[in-house]
Amino acid sequence: MTFLLQPRTPPIPMDPNAVRVGIERWQERAAEHDGSEARDAASAVLADPGCRALIEGIVAHSPYLTRETLREQTFVVQLLRNGIDAGIRQVWSDFDAVDPSGSVDAVMKGLRIAKRRAAIAIAVADIAGLWNLTEVTGAISESAERALTVSWRHALLEQIRRGKLPLDPNAEDPIAGSGLVCLAMGKFGARELNYSSDIDLIVLFDDALPIYAEHWELRQAFVNATRTMVKLMEERTADGYVFRTDLRLRPDPNSTPPAVSMTAAETYYESMGQNWERAAMIKARPVASDPDSADSFLRALRPFVWRRHLDFAAIQDVHSIKRQIAVHKKGAVIKAEGQNVKLGRGGIREIEFFAQTQQLIWGGRDARLRARGTEEALAALVQAGRVRGEVANALKLAYRFLRKVEHRIQMVDDKQTQILPDDPAELDRFAAFLGYEDPKGFRGDLAHHLHTVAYHYARLFEEAPALSMPTSEAGSLVFTGSDNDPETVATLAGLGFEDPGAVAETVRDWHRGRTRATRSERARQLLTELTPALLAALGRMPQPDQAFRRFDRFLEALPAGVQLFSLFHANPSLIDVMAEILGMAPSLASQLGREPALFEGVLTHDAMLPLPDADTLTAELERHLAAVDDYEVGLDTARRWTADRRFQVGVQIIQAHLDADHAGETFSDIADATIRSLLPLVETEFAERHGRLPDADTPAIAVLALGKYGGRELTHGSDLDLVFIYDTPLDCESDGAKPLMTSAYTIRLGQRLISALSAKTAEGALYEIDMRLRPTGNKGPVATSLEAFEKYHAEDAWTWERMALTRARTVAGPAALRDRIEKHVRSVLTEKRDPETLLADIASMRARTAKEHRSTSPWEVKHWRGGLLDLEFIAQYLQLREAHRHPEILDGNTAEAFRKLGAAGLLASEEAEFLANATRIWRNLQGLLRLTVGRNFDPEAAPEALKRRLARTGRAIDFPALERNIERAGETVRAAFARHIGEPVETE
């Protein structure tokens, strides 16, 4: 018996046992045939040396092909007898024989049998060395196109018969005139499908066809037809599957149905299309499509893909896409074991991108470059003078070699993979599958081609600026297409992200223009360039995923992104500033998410310069307010100014340009300026209705600050403890249209000021106001007369209220009234007190607070025994006890109070210095923790970056040293508390 098909380069079987078992299975399958002729023909295959070598090579290396050739033994025998050309003609006849008007089951079965035989014939032609790469990929693509045509015809007929499409059910071809446009994308479009490839499709329908003018269910009909097509192509049955289909290259796949109208698609590409989509459209080819509609769509799309004028911003974006896709030179090593011949360095993707990027740049002006195929594109680039002939030839040889390797990898188990075996012995076996007698020869050829591609690919973009991502963080970052790239996910995980898949999906959404900030093409171009540096910066934050989500919320709040992205592009250091805000300071990040314009404050002022004093800040805000003549606009102006300045201080803390202790003074100065500027504005507006009190100073109330605010120790999120005091006779009445008596006037004026400071508007709220330290607490009026204030503190005040007065400071109001208040406060504080009663009261109060706020963690800086509250109690106790003899020791700032106590000889100088330093360190740690993690800090789970920052803030060499220092300092503070006040009685 003669066999026309004779292999030129059969595989080399390295496993005798696999060969023996495979041949036995071939013989067993031959014995199962009914007729003697079929049995004899199958046996004769093994008697032919060439055919036997081919069968032995298949059974030794490919479980998938072994299974399929046994299943289709009769077809394989005919293929070997009649030759590959006759065999492939038979396969095309099998596809043509499938009746699209038949049942779903019949169509599915027919397509799967035809595809199975096509896969066998193509594999045999490739393995035997009978076909070149173009013939192999062309045949795979042809089988996909034929199967797709049958599937679409069936799907459309189904919709026509159900009355969902107003088309002729008896038409010879239901596709013609239907408006269906099915674009083959990627390798399918270029007729370069690999052996186990998915087929990438974009399904469109022509909604402008006159026949559909009154058809309201058009979209649903095509969506249903698309789902039927997908089922026919990829659903697995007992006969296998045809081709896996991927529809995710369509416009905005997460938001659009499987089939998109041509009108919607054209609008998308015109307004939001990205450069990676331009690159993808180079290979777009209509298959199984209505020719008129397909031609109309591709003509409309041509200006999007092929731009007539060189767009240098687009060229920069192309460079950026390349730098996202490329694996950094030091981030990947070329080797044989485990090499990804598609995505790895020097792989197929780099050859394709080498051609595609230059096609995008120059193809608008030179139509010769508009080729779909990779080899065609390389040849066209040579013809156009864009690539040297020897470079194109080297890349073409590498492309053919790597595609052959890719196909052989996939023939083993019919898996969509491009990764060579990790195990050296397995790799040796794979080399034998390719026909190498010596595996060293394969390794040498592979290395040669990979290095050749990597060299020319790198030279293509050698003039492009390098990615900002440090070498230590290098890796692949691909955000094109519609699916997560595995190497990108791995890179993101390496950067520190716990959910890298979600990060990749969000970045793709940015590039799809899902937010207002990225809807313009220029914004997306800039973002493409910035993404690697941005992700690297966010990845260095203590909680990268949270920082990333905050940046996403920040983008969502932006009205446009070009200005910000351009700013980052021109000042890359600002990326780190932004990342640290988002990653280290949740409170600032939350503000930024609500008010993205706050970041402008970093630019309006030199963000890292110290802020001026309260008087200068007040004058600055007053100038802003003087420029507006509307009360509400004035309030919003004040809110913006205050938020900007507070944000600036927060940035300085995060950037370590300002410690939290000194920031307390600056935060307090900002609050002073805000209240001083708003109080007259509020009273002027109030007076329009109620007039002013007779003979009263202006403003009518003074503002007394207490607590942290009074001591100039504010943190970023501190409340303001305030008391409002007036000194106008109670029997006075204002002179406005709606007059008020003094008490009602000042109370309502105070309420207006509170509202101006704390009401939430579009510009946000400034401060939370706490009035509980006023005489009689929450039960008392918002504003208190000076006489009542003096009487209360002279006769009725509790010891804890006198302690609060040690931090009292007037911040706004008439100068004379402020002076009288301060003199009274000083007289109260310098009264001689019974030491034993004072000591007992203070010890009791500390015990109660310890019971109410139990804390065993030193990171609860305020309430931990040995922490900030103990220090404040010591300072306030000593001031109340000794101020009658040493009034110079009075100071609302705890650290300064200790310094003055030491200077007066009331504390040993060493102890005074230690307690002052401890106070500053606790405040620094508290301020940083409030900005970063709030009140919940777990050192076991805390990221190393935050621990390092805390150590630096606490003046320790590292975090373990900080923990030791804190514990020792806490012990010393507790000892000082016991020495001065006594051991606390912490009752249950």
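Note that the numbering runs from 1 along the sequence shown for the chain.
For the pair I821 and D727, the minimum side-chain heavy-atom distance is 4.5 Å or more. The shortest distance between side-chain heavy atoms of I670 and W641 falls below 4.5 Å. Using a 4.5 Å cut-off on side-chain heavy atoms (C-beta onward), L706 and L805 make contact. Within the 4.5 Å cutoff, no side-chain heavy atoms of T616 are placed close to those of E620. Taking the side chain as every heavy atom from C-beta outward, Q648 and Q652 approach each other to under 4.5 Å. Side-chain contact between H853 and E860: absent, with no pair of heavy atoms (C-beta onward) separated by less than 4.5 Å. Looking only at side-chain heavy atoms (C-beta outward), L681 and E685 stay at 4.5 Å or farther from each other. Annotation: side chain of F724 is not in contact with side chain of Q751 (no heavy-atom distance under 4.5 Å).
For R968 and T972, the side-chain atoms include no donor-acceptor pair closer than 3.5 Å.
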M541 vs E580, side-chain contact (heavy atoms from CB on, under 4.5 Å): CA-CA, chis, key distance, verdict
CA-CA 7 Å; M541 293 303 102; E580 291 203 330; 3.9 Å; yes
What's the verdict on salt bridge (charged side-chain N to carboxylate O under 4.0 Å, His left out) for R712 and E896, showing C-alpha distance, side-chain angles and the deciding distance?
CA-CA 11 Å; R712 291 167 52 78; E896 282 300 299; over 6 Å; no
Residues D669, D672; criterion side-chain contact (heavy atoms from CB on, under 4.5 Å); working and verdict
CA-CA 5 Å; D669 287 344; D672 287 356; 4.3 Å; yes
List the steps, then state whether side-chain contact (heavy atoms from CB on, under 4.5 Å) holds for W922 with W864.
CA-CA 11 Å; W922 289 161; W864 179 60; 4.0 Å; yes
Full working for side chain to side chain donor-acceptor pair (under 3.5 Å) between R802 and T799
CA-CA 5 Å; R802 301 238 169 80; T799 298; 5.6 Å; no
For the pair I675 and Y767, evaluate side-chain contact (heavy atoms from CB on, under 4.5 Å) and give the outcome as yes or no after the intermediate values.
CA-CA 11 Å; I675 292 174; Y767 297 99; over 6 Å; no
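Between R639 and S755, the shortest heavy-atom distance links the atoms NH2-O, 4.0 Å. Annotation for P612 and L617: closest pair O-CD1, 3.5 Å, computed over non-hydrogen atoms. When every heavy atom of L880 is checked against every heavy atom of M803, the shortest pair comes out as CD1-CG, 3.6 Å. Taking each heavy atom of G813 and P699 in turn, the nearest pair found is CA-CG, 3.9 Å. Taking all atoms of both residues into account, the shortest heavy-atom contact from A918 to V973 is CB-CG2, 4.3 Å. Of all heavy-atom pairs between V682 and L753, the closest is CG1-N, 4.0 Å.
A distance of 7.0 Å separates CZ of R774 from OG1 of T784, quoted to the nearest 0.5 Å. Taken to the nearest 0.5 Å, the CG atom of L704 stands 10.0 Å off from the NE2 atom of H824. Summarising the geometry, atom CG belonging to N917 is positioned 10.5 Å from atom CG belonging to N924; distances are rounded to the nearest 0.5 Å. Atoms OH and CG, from Y877 and L838 in turn, are 6.0 Å apart once rounded to the nearest 0.5 Å. To the nearest 0.5 angstrom, D891 atom CG is 3.5 Å from K900 atom NZ. Note that the CG atom of L901 and the CD atom of E882 stand 8.0 Å from one another [nearest 0.5 Å].
Two rings, from F686 and Y745, have their centers less than 6.0 Å apart.
Atom CD of E971 sits in a crowded spot, with more than 12 heavy atoms from other residues, nucleotides or ligands closer than 6.0 Å. Within a 6.0 Å sphere centred on CD of E913, heavy atoms belonging to other residues, nucleotides or ligands number 12 at most. Residue E836 places its CD atom among 12 or fewer non-hydrogen atoms of other residues, nucleotides or ligands, all under 6.0 Å distant. For CZ of R692, the number of neighbouring non-hydrogen atoms (other residues, nucleotides, ligands) closer than 6.0 Å is greater than 12.
With a 6.0 Å cutoff to the six-membered ring centre and a 45° limit on the axis angle, R809 counts as a cation-pi contact of Y709.
Within the 3.5 Å criterion, the main-chain N or O of P680 finds a donor-acceptor partner in the side chain of T684. No donor-acceptor pair closer than 3.5 Å links the side chain of T830 to the backbone N or O of P887. A distance-only check finds a donor-acceptor pair linking the side chain of T742 to the backbone of P729 [under 3.5 Å]. Using a distance-only test at 3.5 Å, with no hydrogens or angles considered, no donor-acceptor pair links the side chain of R826 to the main chain of L890. Looking at S844, its side chain never comes within 3.5 Å of a backbone N or O of D841 through a donor-acceptor pair.
Remark: D958 pairs with P960, A961 by the side chain to side chain contact (heavy atoms under 4.5 Å, CB included) rule, at least two apart or across chains. Legend: residues meeting side chain to side chain contact (heavy atoms under 4.5 Å, CB included) with R923, ordered by chain and number and at least two apart, are D661, E713, L868, N893, T894, A895, T919, R920. T715 pairs by the side-chain hydrogen bond (donor to acceptor under 3.5 Å, both in side chains) definition with S718, not counting sequence neighbours.
With respect to D615 and R676, a salt bridge is recorded, a charged nitrogen being found less than 4.0 Å from a carboxylate O. Electrostatic pairing of K823 and D819 counts as a salt bridge here, judged by a charged N lying under 4.0 Å from a carboxylate O.
The side chain to side chain donor-acceptor pair (under 3.5 Å) with D870 is formed by just one residue from the set R974, R865, K862; it is R865.
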